[in-house]
Each structure stands twice: as C-alpha cells, then as structure tokens.
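Reading through the structure tokens given below for one structure.
Each chain gets a letter, A, B and so on, in the order its sequence line appears, and its residues count up from 1. These numbers come from a predicted model, not from an experiment.
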2 protein chains.
Amino acid sequence: MPDTQSLIFKSLSDPTRRAIFEQLCREGEQTVGFLTSGAGISQPAVSKHLGVLKRAGLVRDRQEGRLTHYCADPAALAPILDWTREMAGFWEARFDKLEDLLKRMDQ
Amino acid sequence: MPDTQSLIFKSLSDPTRRAIFEQLCREGEQTVGFLTSGAGISQPAVSKHLGVLKRAGLVRDRQEGRLTHYCADPAALAPILDWTREMAGFWEARFDKLEDLLKRMDQ
DNA sequence: TCAATCCATAGCCAAATAGTTATGAATTAC
DNA sequence: GTAATTCATAACTATTTGGCTATGGATTGA
C-alpha cells in the first residue's frame with residue numbers, strides 16, 4: 001500500500017473526486033444517490049471515487065437501511081497541510097541563511 | 001490541459017517526484033545529474049519527473065552550458081494550500097452553524 | 001410475497017503513467 | 001577535430017486509472 005501522503009494527493013488529483021469531496025465539505029453528509037445525481041457520471045463510478053477517498057481517510061460512511069451516507073473528514077487533510085508548510089519552511093530557511101550571508105558580506 | 005490544482009496534486013501524488021521536489025526545497029538549486037544520482041532511477045525518468053513538476057509550476061530550470069539547474073518554487077503550492085484551508089473552513093462553518101442551532105434549541 | 005430501490009462489486013476497455021533503453025543535440029575537455 | 005559529458009526526447013512496455021455496463025445482495029414498499 002502506498003504511503004498516506006501519496007494516497008491523499010492522488011485522491012485529490014482527480015477533479016471529479018475533488019468536486020465530490022468539496023460537496024461533502026460544503027453540504028455535509030450525503031447519500032451516494034444524491035452525489036451521483038450531481039456528478040454527471042454513473043453510480044458505480046461515484047462509488048469507486050468514494051472508495052478511493054475512503055481509503056485515503058478523507059471520507060467516512062454510515063449505513064442506514066439501504067442508504068449509505070458519506071461525510072468528509074477534513075482533519076485527514078492535516079498530513080498534506082503539514083508537508084506543504086514544511087516545504088515552504090525549508091525555502092524560507094534557505095532564504096534567511098542567504099540574507100544572513102549577505103548581511104555578513106556587507107560588513 | 002487539466003486545471004492548475006489537478007496538475008499540482010497529481011505532481012505531488014508520486015513519491016519519487018515528491019522526493020525530488022523536497023530535495024530541491026531543502027537544498028536549493030541542483031543539476032539533473034546530481035538529482036539522478038540520489039533518485040535510484042534512470043536519468044530520463046528524472047527528466048520526465050522534472051518536466052511534470054515544471055508543467056505544474058513547482059520548479060523552474062536554468063541553463064548553464066550543458067548543465068541544467070532546477071530549483072523549487074514553493075510559492076506555487078499556494079493554490080492547494082488555499083483550497084485545503086477552504087475545505088477545512090467549510091467544515092468549521094457547518095460546525096458553527098450546528099453549535100448555534102444547539103444553543104437555540106437549548107433555550 | 002413480489003417489485004422496486006440503493007449501492008457495492010465484477011469485468012471490460014481506452015487512456016494515462018512511470019519506468020526502461022536508445023539516441024541525438026549541445027557543450028566542454030583534450 | 002575528436003572524444004566525452006549532460007540532458008531532453010523518442011519509442012516501447014507493464015501497470016494503473018477512470019469510465020462504462022451488468023449483476024446481485026440488502027432493504028423497503030405495495
């Protein structure tokens with residue numbers, strides 16, 4: 001199995017899947033049928049997308065009779081938020097070091 | 001051509017590519033040859049990864065004789081940082097609304 | 001009970017992806 | 001001038017991906 005970050009980034013790299021996740025973030029819990037009605041693709045395709053999002057931890061499902069409700073778990077975005085900030089941080093650090101160097105050279 | 005967010009997410013969904021980008025963020029500008037020496041894959045494979053990162057705006061290249069230097073542009077991460085924060089925000093908003101509702105019901 | 005609804009899974013297909021080797025253009029070194 | 005180095009591109013391959021239709025289990029409604 002791929003690492004968590006790859007799973008999350010890959011999940012979000014597909015626009016359809018991102019739209020489904022966004023819908024769940026905006027509107028809260030939704031059934032598969034309702035998500036399908038707005039997605040422009042077949043129900044099995046939506047189910048597969050939901051499966052991918054679930055494997056990445058981005059959504060959870062809840063059974064209720066024959067309905068399956070899905071909801072987003074935005075907390076699962078934390079790993080990529082952290083990683084992204086870390087990358088920006090490395091860059092800042094190198095920039096600071098350069099600034100220091102220039103300052104020292106100036107004296 | 002896919003939208004910018006898809007390009008960025010897709011670029012970062014591959015661990016090898018993420019490692020290359022991370023290397024450039026940590027260490028700054030590097031040649032293709034040097035990146036290849038640490039990547040564990042062939043030079044053409046590295047070049048292709050760099051091409052993908054470049055198309056997503058995540059890296060820039062600079063020619064110097066027969067050497068090609070690549071450097072990261074972490075500012076290009078902004079779109080997905082914004083999107084991620086927006087998603088978390090929607091969730092917060094719904095949570096606040098629920099809290100309000102509960103408060104009103106309590107009275 | 002029988003029909004209808006909801007959704008997950010299976011099986012198929014075309015396109016994209018990540019790797020490879022081979023090659024060639026441009027530059028540098030001898 | 002010739003050889004060596006650097007890297008991008010081309011051509012190929014195996015795997016993954018995102019869509020589809022078909023199906024069937026579980027639940028609900030008549």
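Here the side chains of B:Phe9 and A:Ile8 are not in contact, with every heavy-atom distance at 4.5 Å or above. Looking at heavy atoms from C-beta onward, B:Tyr70 lies out of side-chain contact with B:Leu58 at the 4.5 angstrom threshold. Under the 4.5 Å side-chain criterion, counting only non-hydrogen atoms from C-beta, B:His69 is not in contact with B:Gln30.
Residue A:Ala45 is in sugar-phosphate contact alone, with no base atom involved, counting any heavy-atom pair closer than 4.0 Å across all strands shown. Residue B:Thr68 is classed as a sugar-phosphate contact, given heavy-atom separations below 4.0 Å to backbone atoms only. Among the protein residues, A:Lys54 comes within range of no part of the nucleic acid, since none of its heavy atoms lies under 4.0 Å from any strand. Counting non-hydrogen atoms under 4.0 angstrom, A:Thr36 reaches nothing in the nucleic acid. Looking at heavy-atom distances under 4.0 Å, A:Phe34 makes no contact with the nucleic acid at all.
Around the CZ atom of B:Phe34, the shell of radius 6.0 Å holds no more than 12 heavy atoms that belong to other residues, nucleotides or ligands.
Atom CD in A:Gln63 sits roughly 8 Å away from atom C1' in C:dC7 (whole-Å rounding). Taking atom CZ of B:Arg62 as the reference point, atom P of D:dA8 lies 14 Å away to the nearest angstrom. One atom, NZ of B:Lys48, and another, P of C:dT21, lie 13 Å apart when rounded to the nearest Å. Atom C1' of nucleotide C:dT21 and atom CD1 of B:Ile41 are separated by 14 Å, given to the nearest angstrom. One can place CD of B:Gln43 at 7 Å from C1' of D:dA8, the figure rounded to the nearest angstrom. Computed from coordinates, the B:Asp61 CG to D:dA8 C1' distance equals 11 Å when rounded to whole Å. If you take OH of B:Tyr70 and P of D:dT6, they are 16 Å apart, rounded to a whole angstrom. Atom CG of A:Leu50 and atom P of C:dC6 are 16 Å apart (whole Å).
Between B:Arg17 and C:dA18 there is a side-chain N or O to OP1 or OP2 distance below 4.0 Å. Taking 4.0 angstrom as the limit, A:Ser42 places none of its side-chain polar atoms (N or O) nearer than this to OP1 or OP2 of D:dA22. Residue B:Lys10 places at least one side-chain N or O under 4.0 Å from the OP1 or OP2 atom of C:dT17. The phosphate of D:dC7 has neither OP1 nor OP2 within less than 4.0 Å of any side-chain N or O from B:Ser47. For D:dG29, the OP1/OP2 oxygens have no side-chain nitrogen or oxygen of A:Arg66 closer than 4.0 Å.
Counting only N and O atoms by type, the side chains of B:Thr36 and B:Gln43 include no donor and acceptor under 3.5 Å apart.
Across the interface with DNA chain D, nearest-nucleotide mapping of A:Ser13 and A:Gly65 shows A:Ser13 to be the residue nearer the 5′ end. Across the interface with DNA chain C, nearest-nucleotide mapping of A:Thr31 and B:Val52 shows A:Thr31 to be the residue nearer the 5′ end.
Annotation for A:Ser6 and A:Pro2: closest pair CB-CB, 4.3 Å, computed over non-hydrogen atoms.
Between C:dG19, D:dA8, C:dC7, one nucleotide has an atom nearer to the side chain of B:Pro44 than all others, and that is D:dA8.
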